[in-house]
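Contents: one structure, followed by commentary.
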Amino acid sequence: MKDKHLDIRIRQCLILAEASGCPRRKFGAVLVDPGRNVVLADGYNGGPRGQEGSLCRGTWCERDGVKSGTMMELGCHHAESNVIANAAANGVPTHGSWLIVTGEPCPMCAKMMHHAGVVCVVVVRGGYAGGSAGVEYLERVGVKVVYRDGPQDPRGGATYEMT
C-alpha cells in the first residue's frame with residue numbers, strides 16, 4: 001500500500017476514534033484491501049451495537065480499577081473486534097486484508113485478526129500501548145506488524161496532526 005493511502009487510512013482511524021463513548025481511551029480501526037487501497041470495514045471501541053453508553057457512564061468505566069490485560073470480558077468491545085464483526089455482518093471477506101488501529105491490540109483481538117486472515121496490522125505509534133502480548137502473538141503466527149507515527153496516548157493530553 002502506498003504511503004499516501006496509508007496516511008489517509010490512519011486519519012480515518014483517528015476520526016473513527018472520536019466516535020467512541022469510552023471515557024478512558026478512544027480507538028479507531030480500519031480494515032483495508034491493500035491491493036486496491038479501499039476500506040472494507042471500519043470500527044471503534046464502544047458498547048454493544050444499539051447499546052452505546054451501556055458500559056461507559058460519563059466519566060466512569062466498567063474497567064476502572066481492573067489491571068490492564070486482565071478480565072478481558074469486562075468493558076467495551078475493542079475497535080479491532082468491532083471492525084472484524086462489521087466485516088462479517090456484511091459478508092466482507094477479510095482474508096489477505098490489512099488492519100490499521102490507533103493502538104496496540106490486546107491478545108484477544110490479535111487472535112481474532114489472525115483467524116480472520118489479516119496479514120498485516122498497522123499500529124499507529126504513540127497511541128495507547130496495550131502491552132506487547134498481542135503484538136508478540138501476531139508476530140509469532142506470521143502476521144506482519146508495522147508501526148507508524150500517530151497520536152499520543154490520550155492520557156497524556158498530547159494531540160496529533162497528520163502532516
Side-chain angles (χ1 to χ4, degrees), residues 1 5-32 39-90 92 94 97-113 116 118 120-135 137-138 143 145-163:
M1 174 178 284
H5 292 121
L6 188 52
D7 289 345
I8 290 167
R9 302 306 175 215
I10 288 171
R11 284 189 207 145
Q12 289 175 304
C13 286
L14 296 170
I15 291 167
L16 283 165
E18 293 174 14
S20 171
C22 181
R24 296 176 71 197
R25 297 179 189 98
K26 298 181 182 298
F27 284 82
V30 176
L31 189 72
V32 298
V39 173
L40 301 172
D42 61 23
Y44 55 88
N45 63 319
R49 189 175 306 284
Q51 304 296 310
E52 195 67 36
S54 65
L55 297 174
C56 297
R57 294 166 181 82
T59 60
W60 176 81
C61 175
E62 189 175 53
R63 291 196 53 83
D64 285 345
V66 176
K67 183 182 175 193
S68 183
T70 66
M71 299 178 62
M72 300 304 291
E73 69 279 7
L74 294 178
C76 66
H77 297 268
H78 293 181
E80 305 96 306
S81 65
N82 272 337
V83 76
I84 298 291
N86 289 341
N90 290 296
V92 176
T94 57
S97 63
W98 287 19
L99 194 144
I100 305 164
V101 63
T102 58
E104 291 176 343
C106 75
M108 288 176 53
C109 287
K111 289 178 182 180
M112 184 180 297
M113 290 184 277
V118 173
C120 180
V121 176
V122 178
V123 178
V124 182
R125 184 183 288 121
Y128 175 68
S132 60
V135 171
Y137 172 85
L138 291 168
V143 175
V145 177
V146 176
Y147 284 86
R148 292 286 297 240
D149 288 335
Q152 297 301 303
D153 185 324
R155 297 170 294 176
T159 58
Y160 170 72
E161 281 187 38
M162 196 66 167
T163 56

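Because the structure is a prediction, the values reported are computed rather than measured.
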>> For a quick test of reading the model, state the closest non-hydrogen atom pair linking Pro105 to Glu80 and the distance between them.
In response: CA-OE2, 3.1 Å

> When rounded to the nearest 0.5 angstrom, what distance separates NZ in Lys26 from CG in Leu16?
Replying inline: 12.5 Å

> Can you tell me how far CE of Met113 sits from NZ of Lys111, rounded to the nearest 0.5 angstrom?
Replying inline: 12.0 Å

> Can you tell me how far the CG atom of Asn82 sits from the CG atom of Leu31, to the nearest 0.5 Å?
Replying inline: 12.5 Å

> CG of Leu99 to CG of Leu40: how many Å apart, nearest 0.5 Å?
Replying inline: 10.0 Å

> Looking at Val143 and Cys120, what are the two nearest heavy atoms and their distance?
Replying inline: CG1-N, 4.0 Å

>> For Phe27, is there any backbone N or O sitting under 3.5 Å from a side-chain donor or acceptor partner on Ser20?
In response: no

>> Using the side-chain contact (heavy atoms from CB on, under 4.5 Å) criterion, which residues pair with Ala116? Sequence neighbours excluded.
In response: Ile84, Thr94

> From His78 NE2 over to Met112 CE, what is the distance, rounded to the nearest 0.5 angstrom?
Replying inline: 10.0 Å

> Taking all atoms of both residues into account, what is the closest heavy-atom pair of Gly28 and Ala17, and its distance?
Replying inline: N-CB, 3.6 Å

>> Which heavy atom of Tyr147 sits nearest to which heavy atom of Val135, and what is that distance?
In response: OH-CG2, 3.4 Å

> Rounded to the nearest 0.5 Å, how far does CG of Leu138 lie from CD of Glu104?
Replying inline: 10.5 Å

>> Tell me the closest heavy-atom pair linking Val30 and Arg9, and the distance in Å.
In response: CG2-O, 4.1 Å

> Quick one: are Arg148 and Asp7 in side-chain contact, heavy atoms under 4.5 Å?
Replying inline: yes

